[in-house]
Amino acid sequence: MQEHKERNDFEPKVSRLADHVSGRLRPTLVVLAGAVGVVMLIVCANLSNLLLARGATRKKEIAIRTAMGAGRGRLIGQMLTESLVLSCCGAALGLLLAFVGTRALAQLTSVSIPLLSEVRIDARVLGFTLVAALLTGLLFGLVPALQVQDLKLHDTLKDSNRGSSQGRGHAWIRGGLVVSEIALACVLLVGAGLLIRSFLRVLDVNVGFRPERAAALRIDPNASYKTQEQKNSYFTEALHRVTDVRGIEAAGLSDSLPLGHNRSWGVAAKGVQYTPETYPFGFPRIISDGYFHAMGVPLRAGRDFTERDTKGALPVIILNETCARNLWPGEDPIGKIVAEDVDRTVVGVVGDVHHMALEEGSGNEFYIPMRQTQDYGTVDLVVRTSLPTAELASRLREALRPIEPDLPTGNLRTLETLVDRAVSPRRFVVLLLGGFAGFALVLASLGIYAVISYSVSQRTQEIGIRMALGASAERLERSILFETLGLAGIGMVVGVVASWVLARTLSGLLFGVTSSDPVTFVGMLVILTAVAAIAGYLPARRAARIDPMSALRMS
């Protein structure tokens with residue numbers, strides 16, 4: 001055919017199979033892997049804060065052990081061992097949850113992700129988890145362990161006050177960890193917010209057809225239909241029988257439903273000279289009459305195909321708006337000639353349809369009547385109906401029984417399902433990243449609460465003295481709350497800068513939203529401020545209720 005001859009003059013394009021299988025998802029998987037890393041860092045910061053606080057409360061215990069002859073190396077080893085046990089227990093629980101989660105993911109059929117059913121926990125995952133647990137326990141248990149070296153034995157045994165100098169001296173470390181948690185949570189919230197807004201924009205895309213109340217069923221002539229005339233007779237009778245079914249408004253056939261596979265052919269305006277770089281290619285659709293009505297694709301100009309568009313009639317073609325505009329800019333395409341496998345006359349123009357993905361434009365699409373070509377494989381019957389799916393399958397099977405006694409109707413699917421599967425990878429990523437962001441927000445709030453609560457407990461005497469000197473409970477409450485918001489503010493400043501930089505790497509995954517979307521950034525700041533205020537309010541409220549006399553009697 002002519003289009004194949006034209007393509008032979010061009011340099012062939014070779015790509016790896018892996019790029020076709022997972023190439024489009026690779027950036028998304030990198031983003032998810034980064035989100036996992038961010039959550040892990042927040043967990044590690046919380047673990048380190050926990051160990052710091054625990055180490056501060058165990059100073060006298062460690063001092064007594066030292067006085068009884070325990071060496072510093074042994075004490076540091078004990079602290080690191082405790083940290084490793086915590087991290088390894090967490091890793092074991094995580095592996096259990098991951099095993100359950102991967103089993104559930106592998107069984108998902110509503111998500112269109114290549115090889116999702118093959119997801120497993122293998123030896124590499126186990127090895128990575130073990131190494132990560134060990135490194136986490138060592139690295140983030142190191143700072144609390146090194147406090148042993150700074151321990152002054154005589155002062156520690158003599159000092160029994162709750163607000164020790166060492167606790168206050170290391171407060172900046174705990175504050176720094178909280179700042180890092182807020183910054184990391186900020187990054188995840190911005191990423192999740194951008195992808196959520198992109199997902200909502202994708203859902204608002206006009207797909208070019210009306211998926212509601214439409215369904216598709218695979219029908220193919222059996223081996224007894226060999227010639228083109230026999231196949232045409234089969235399709236004609238099938239359409240007549242289906243359209244006679246009560247409850248079916250329209251029916252048509254197509255070899256390529258939207259949001260599925262694609263292929264490209266040469267499509268050129270006759271008489272126009274093209275260079276190899278400018279030669280136009282388009283996406284062919286082999287269809288029958290009634291297809292546009294059944295799909296809900298609007299006819300913009302000209303006419304639809306009819307049963308009279310057979311092999312012996314004038315070869316005709318219908319273009320989408322993009323193809324008509326590209327081949328004859330500013331001109332009426334009706335009656336123009338397209339140099340396809342044979343010269344075809346343009347008889348109609350239809351609206352653009354998103355065939356590959358909702359985020360991608362339609363490109364040059366052209367439609368060829370099924371009765372005028374044999375260049376198609378499997379065929380789908382599309383019907384527009386008000387019938388429920390189960391009843392529709394039964395009626396189609398009964399209507400087509402005379403020409404297809406063993407018609408399988410198990411593959412009957414609604415067009416809404418096609419659209420849903422097309423957005424399923426993006427929805428899957430949004431749900432995962434949103435879950436990570438929510439988890440990070442919870443962890444950050446717990447980290448803030450733990451640090452402020454520990455600070456209040458260490459400053460009980462100080463707070464009692466201030467209240468005895470006339471400081472009001474409301475003033476103390478505001479002071480602690482402002483301290484909390486101050487830490488959160490520093491974290492948000494760092495997080496906004498990091499988010500702005502990292503969000504630019506997400507630009508390839510965004511649709512209808514810029515990487516510096518102000519709504520997302522402002523929303524993130526509002527959420528983090530509210531969470532920080534809530535996390536700091538509870539310890540502040542508890543501090544305001546401290547009895548000055550009880551605090552002053554503490555020793």
Side-chain angles (χ1 to χ4, degrees), residues 13 15-16 18-42 111-114 116 180 182-208 259 262 283 322 352-364 419-441 444 491-528:
K13 296 181 180 180
S15 59
R16 299 185 307 160
D19 293 333
H20 289 278
V21 175
S22 59
R24 294 178 62 185
L25 287 174
R26 187 173 293 115
T28 301
L29 297 177
V30 171
V31 170
L32 288 178
V36 172
V38 170
V39 172
M40 186 173 180
L41 287 175
I42 295 176
V111 179
S112 179
I113 294 181
L116 182 62
S180 67
I182 292 292
L184 291 171
C186 177
V187 172
L188 272 183
L189 283 175
V190 167
L194 290 174
L195 288 179
I196 289 173
R197 283 177 55 77
S198 295
F199 179 66
L200 295 177
R201 293 292 179 88
V202 168
L203 294 181
D204 290 335
V205 167
N206 180 10
V207 295
L259 303 174
N262 224 339
F283 307 112
T322 297
D352 291 342
V353 173
H354 290 262
H355 265 274
M356 282 301 295
L358 296 180
E359 303 93 331
E360 299 179 9
S362 60
N364 295 325
V419 176
D420 187 66
R421 283 184 61 82
V423 300
S424 61
R426 183 178 285 272
R427 181 177 61 245
F428 179 75
V429 172
V430 165
L431 289 175
L432 281 183
L433 194 57
F436 290 144
F439 188 47
L441 196 60
M492 283 187 280
V493 170
V494 177
V496 166
V497 175
S499 299
W500 185 82
V501 174
L502 295 178
R504 300 173 70 88
T505 63
L506 289 175
S507 57
L509 302 177
L510 302 181
F511 177 80
V513 176
T514 63
S515 58
S516 57
D517 179 50
V519 174
T520 301
F521 278 83
V522 172
M524 173 272 301
L525 292 176
V526 170
I527 291 174
L528 281 177

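- Contacts of Val494 classified as side chain to side chain contact (heavy atoms under 4.5 Å, CB included), with partners at least two apart in sequence or in another chain: Ala183.
- Interatomic distance, Glu360 CD to Leu259 CG, rounded to the nearest 0.5 Å: 10.0 Å.
- Partners of Leu184 by side chain to side chain contact (heavy atoms under 4.5 Å, CB included), not counting sequence neighbours, listed by chain and number: Val38, Leu41, Ile42.
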Dump the intermediate steps for side-chain contact (heavy atoms from CB on, under 4.5 Å) on His354 and Asn206, then the final yes or no. CA-CA 8 Å; His354 290 262; Asn206 180 10; 5.9 Å; no

Applying side-chain contact (heavy atoms from CB on, under 4.5 Å), run through Val423 and Phe199 and close with a yes or a no. CA-CA 8 Å; Val423 300; Phe199 179 66; 4.2 Å; yes

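- For residues 31-41, the set of pairs meeting the side-chain hydrogen bond (donor to acceptor under 3.5 Å, both in side chains) definition, not counting sequence neighbours, is empty.
- Side chains of Thr322 and Asp352: a donor on one and an acceptor on the other come within 3.5 Å.
- Here the CG-CE distance, from Leu441 to Met524, works out to 11.0 Å after rounding to the nearest 0.5 Å.
- The two residues Val187 and Gly495 make their nearest non-hydrogen contact at CG2-O, 4.2 Å.
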Taking only distance into account, with no hydrogens and no angle test, what donor-acceptor pairs under 3.5 Å do side-chain atoms of residues 429-437 form with protein atoms, sequence neighbours excluded?
none

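- The side-chain hydrogen bond (donor to acceptor under 3.5 Å, both in side chains) analysis of residues 509-527, with sequence neighbours excluded, yields the pairs Arg197-Asp517, Asp517-Thr520.
- Among all heavy-atom pairs drawn from Val353 and Gly208, the shortest one is CG2-O, 3.8 Å.
- Here the closest non-hydrogen pair linking Phe521 and Val496 is CE2-O, 4.0 Å.
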Distance-only donor-acceptor hits, side chain of residues 503-512, under 3.5 Å, sequence neighbours excluded:
| from | atom 1 | to | atom 2 | distance (Å) |
| --- | --- | --- | --- | --- |
| Thr505 | OG1 | Leu502 | O | 2.4 |
| Ser507 | OG | Arg504 | O | 2.9 |

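- Atom CZ of residue Arg201 and atom CZ of residue Arg426 lie 12.0 Å apart, to the nearest 0.5 angstrom.
- The minimum heavy-atom distance linking Cys186 with Met492 is given by the pair SG-O, 4.4 Å.
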